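All ligand and atom numbering here is 1-based and tracks the order in the structure. Since the model is a prediction, treat every value here as computed from it, not as a measurement.
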Amino acid sequence: MAALTLSTKRLVVTLPREDHAAAMLDFVERNREHLKPWNPPVPEGLYTRAHWQDVVKNCAVAFDAGRAVRLWIAPLEYPDCIIGSIGYSQIARGPFCSCVLGYQIDSESEGRGLMREALQATNQYMFEQQKLHRIAANYRPENVRSGRLLASLGFRIEGFARDYLFIDGAWRDHILTSITNDVFNTGWLRETPKL
Ligand SMILES: CC(C)(COP(=O)(O)OP(=O)(O)OC[C@H]1O[C@@H](n2cnc3c(N)ncnc32)[C@H](O)[C@@H]1OP(=O)(O)O)[C@@H](O)C(=O)NCCC(=O)NCCS
């Protein structure tokens, strides 16, 4: 059974368990309008409990297969209340050792440095435990908050991709950024990859 929980000063960041499904649904319902400008088309059934029960199972399967690390954020004092998520997908091994990062936080929790605190812990986990060399993160030029957050975490701008993702009803340009692992041990490249 897949399990991973990281704690920070104010947060618990965890692979979701079955009993998180209701709180995950509550998070997306509360934040429908807040997340709309930054999200792809909403999948069928997004606002149902069954959908989130499937998401919990898929998170565990993808984690065990080494394909993705999808984590959910709760306040340390209210561990049953979901206020955000962080996902590392498209995990590649071999000479690339890379992944793509996505994240979102409850509108009521913005502007308090909580996402930064969570990402500091999860990026460290991806570099030191998952042994990746690069984390890529891309944002729409209009998403100034996201750009500031990435810059504060050490992500560097590497390029601009026109019509990069289908977001909020259209193909949207994105700024491409990444951060690399200063403590990457090249001996890790000889370890049997998970995939
Ligand atoms: C992108 C997103 C995660 C950024 O969230 P955020 O709350 O601005 O990010 P942080 O948690 O790091 O907060 C940083 C802000 O809190 C402030 N802050 C307050 N206390 C702080 C602390 N202890 N430490 C750091 N920052 C603190 C900072 O001044 C900063 O504000 P500023 O950038 O205006 O100066 C959020 O806007 C979001 O979820 N948006 C919708 C989904 C989305 O856009 N996802 C990303 C797609 S690319």
Side-chain angles (χ1 to χ4, degrees), residues 6-16 20 23-43 46-47 51-52 55 59 68-79 81-91 98-127 132 134-180:
L6 305 170
S7 296
T8 70
K9 207 168 135 210
R10 294 176 287 177
L11 303 167
V12 181
V13 187
T14 185
L15 264 181
H20 283 128
M24 292 157 84
L25 171 58
D26 195 41
F27 168 77
V28 290
E29 278 181 334
R30 276 198 316 272
N31 288 285
R32 252 181 226 231
E33 289 310 311
H34 168 56
L35 299 177
K36 190 174 167 287
W38 318 115
N39 273 350
V42 168
L46 183 81
Y47 300 109
H51 173 86
W52 292 99
V55 169
C59 287
V69 176
R70 298 186 195 282
L71 304 169
W72 292 77
I73 304 171
L76 206 52
E77 290 172 7
Y78 304 99
C81 175
I82 296 296
I83 60 162
S85 71
I86 293 173
Y88 298 87
S89 59
Q90 299 176 50
I91 294 179
S98 178
C99 67
V100 179
L101 165 66
Y103 44 81
Q104 50 187 5
I105 198 158
D106 204 299
S107 59
E108 289 192 4
S109 299
E110 273 183 317
R112 293 166 52 199
L114 290 170
M115 186 52 82
R116 183 163 173 231
E117 182 174 318
L119 284 170
Q120 276 168 337
T122 58
N123 287 349
Q124 185 179 3
Y125 165 81
M126 293 306 286
F127 280 157
L132 293 183
R134 176 180 300 272
I135 300 171
N138 310 316
Y139 64 94
R140 292 178 60 186
E142 302 90 326
N143 200 343
V144 175
R145 260 182 188 277
S146 191
R148 272 208 298 261
L149 170 63
L150 290 170
S152 79
L153 288 161
F155 283 77
R156 290 177 302 256
I157 293 179
E158 296 180 319
F160 178 84
R162 208 174 61 78
D163 290 349
Y164 185 64
L165 290 180
F166 195 87
I167 298 288
D168 193 24
W171 291 102
R172 307 289 186 179
D173 299 344
H174 276 68
I175 293 170
L176 312 178
T177 81
S178 83
I179 189 171
T180 49

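Of the protein's non-hydrogen atoms, the one nearest atom 4 (C) of ligand 1 is L149 CD2, 4.0 Å. Of all protein heavy atoms, the one closest to atom 5 (O) of ligand 1 is I105 CG2, 4.0 Å. Looking from atom 7 (O) of ligand 1 to the surrounding protein, the closest heavy atom is G111 N, 2.7 Å. The protein heavy-atom contact nearest to atom 11 (O) of ligand 1 is M115 N, 2.8 Å. Of all protein heavy atoms, the one closest to atom 24 (N) of ligand 1 is G113 CA, 3.8 Å. Among protein heavy atoms, the minimum distance from atom 6 (P) of ligand 1 is reached at R145 NH1, 3.6 Å. Looking only at protein heavy atoms, the nearest one to atom 41 (C) of ligand 1 is W38 CD1, 3.4 Å.
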request  = Run the numbers on I135 and F127 for side-chain contact (heavy atoms from CB on, under 4.5 Å), then give the verdict.
outcome  = CA-CA 9 Å; I135 300 171; F127 280 157; 3.7 Å; yes
query = Where do M24 and W72 land on the side-chain contact (heavy atoms from CB on, under 4.5 Å) test, with the steps shown first?
reply = CA-CA 8 Å; M24 292 157 84; W72 292 77; 3.4 Å; yes
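Proximity of N143 to ligand 1, defined as any heavy-atom pair under 4.0 Å, is confined to the side chain (atoms from C-beta onward).
With distances taken over non-hydrogen atoms, the option nearest atom 35 (O) of ligand 1 out of R148, R112, H174 is R148. For atom 40 (N) of ligand 1, the nearest non-hydrogen atom from the set K9, E110, Q104 belongs to E110.
Below 3.5 Å of separation, one finds an N or O of Y103 facing an N or O of ligand 1.
The distance from atom CE of M115 to atom OG1 of T122, rounded to the nearest 0.5 Å, is 8.5 Å.
Annotation: cation-pi geometry satisfied between R32 and Y47 (NZ/CZ under 6.0 angstrom from ring centroid, within 45° of ring axis).
Heavy atoms only, all atoms of each residue included: E117 and L11 are closest at OE2-N, 3.9 Å. In terms of heavy-atom proximity, F27 sits nearest to I105 at CE1-C, 4.1 Å. In plain terms, the two heavy atoms of A121 and L6 that are nearest each other are O-CD1, 4.1 Å.
Of all atoms in ligand 1, listed by their number and element, those nearer than 4.0 Å to a heavy atom of S146 are 1 (C), 46 (C), 48 (S). Those atoms of ligand 1 that come under 4.0 Å of a heavy atom in L114, given as number and element, are 11 (O). Here is the list of ligand 1 atoms found below 4.0 Å of a heavy atom in N138: 48 (S).
Summarising the local packing, CD of E142 is surrounded by more than 12 heavy atoms from other residues, nucleotides or ligands at distances under 6.0 Å.
Judged purely by atom type and a 3.5 angstrom limit, Q104 has no side-chain atom pairing as donor or acceptor with the backbone of I86. Between the side chain of T177 and the backbone N or O of A137 there is at least one donor-acceptor pair closer than 3.5 Å.
Within a 4.0 Å radius of atom 29 (O) of ligand 1, the protein has no heavy atom.
For N39, the heavy-atom gap to ligand 1 stays at 4.0 angstrom or more.
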